[in-house]
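I have placed the structure first, in the form of structure tokens, so that the comments after it can refer back to it.
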Amino acid sequence: MTEQEILQNCPGLSPEGARWMQAQLARQEKQAALSAEIRLAGGRSEEAVLALLDTGAVLESEDPGAAKAAVSALKAEKGWLFEPECPAAYSAAAGTAPAQPQPDAALRAAFGLE
């Protein structure tokens, strides 16, 4: 949102107030982009990742790829903060074996418990 649009939508707001509001909106957009990068990278806890990132430098940077670069660098350094790239191994044979009879099945059947 430009300064002119803010002044048009908020009558009575000073130009300094419009610049402040524009800066706040830009900061919120950068914070949302940083949160999205953390989610895309598979961050286990957004709060933990943000605590270890230099968020001030990322939010003040004019580089649009600063968030992605910072998250990638942290992921390389502290991989435990992020989900693993590949899923856990899956065994196709798990659960396909026929059920084995219980050793006391004959006794349970004789007493009418089954």
Side-chain angles (χ1 to χ4, degrees):
M1 190 174 252
T2 66
E3 186 178 335
Q4 294 301 323
E5 291 172 335
I6 293 171
L7 287 172
Q8 288 174 352
N9 292 327
C10 301
L13 187 66
S14 68
E16 294 82 25
R19 282 191 289 279
W20 177 85
M21 189 178 287
Q22 186 179 18
Q24 292 302 313
L25 289 172
R27 187 172 179 86
Q28 285 178 348
E29 288 174 357
K30 288 181 181 182
Q31 286 175 334
L34 182 58
S35 293
E37 285 298 332
I38 292 169
R39 282 191 304 278
L40 287 174
R44 292 179 190 251
S45 169
E46 185 176 336
E47 292 83 15
V49 173
L50 286 172
L52 293 174
L53 280 176
D54 184 8
T55 54
V58 173
L59 295 177
E60 297 300 322
S61 173
E62 296 296 324
D63 180 21
K68 186 172 187 170
V71 171
S72 296
L74 185 64
K75 186 174 183 178
E77 183 181 335
K78 298 188 180 343
W80 53 270
L81 281 170
F82 300 87
E83 294 292 333
E85 292 291 327
C86 60
Y90 170 74
S91 173
T96 59
Q100 299 295 322
Q102 298 292 331
D104 62 345
L107 288 175
R108 294 180 69 77
F111 289 107
L113 296 175
E114 286 188 3

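This one's a predicted model, so the numbers in the text were calculated from it and none came from an experiment. All heavy atoms count here, side chains included; hydrogens, waters and symmetry mates do not. If you read the sequence from its start, that first residue is 1, and numbering goes on from there.
If you chain together hydrophobic residues whose side chains sit under 4.5 Å apart, Leu50 and Val58 fall into the same group. If you chain together hydrophobic residues whose side chains sit under 4.5 Å apart, Leu25 and Leu59 never meet in one group. Leu81 and Leu40 are assigned to two separate hydrophobic clusters, defined by single-linkage of ILVMFWY side chains at heavy-atom distances under 4.5 Å.
How far CG of Leu53 is from CD of Glu37: 11.0 Å, rounded to the nearest 0.5 Å. Atom CZ of Arg19 and atom CD of Gln22 lie 9.0 Å apart (nearest 0.5 Å). Rounding to the nearest 0.5 angstrom, the gap separating the CD atom in Glu46 from the CG atom in Leu34 is 7.5 Å.
Among Pro15, Pro11, Cys10, the single residue meeting the side chain to side chain contact (heavy atoms under 4.5 Å, CB included) criterion with Leu13 is Cys10.
Heavy-atom neighbours of Lys68 NZ from other residues, nucleotides or ligands within 6.0 Å: at or below the threshold of 12.
A donor-acceptor contact shorter than 3.5 Å links the side chain of Lys30 to the backbone of Ser61.
Arg44 and Phe82 make their closest contact through NE-O, 3.2 Å (heavy atoms, listed as atom of the first residue, atom of the second, distance).
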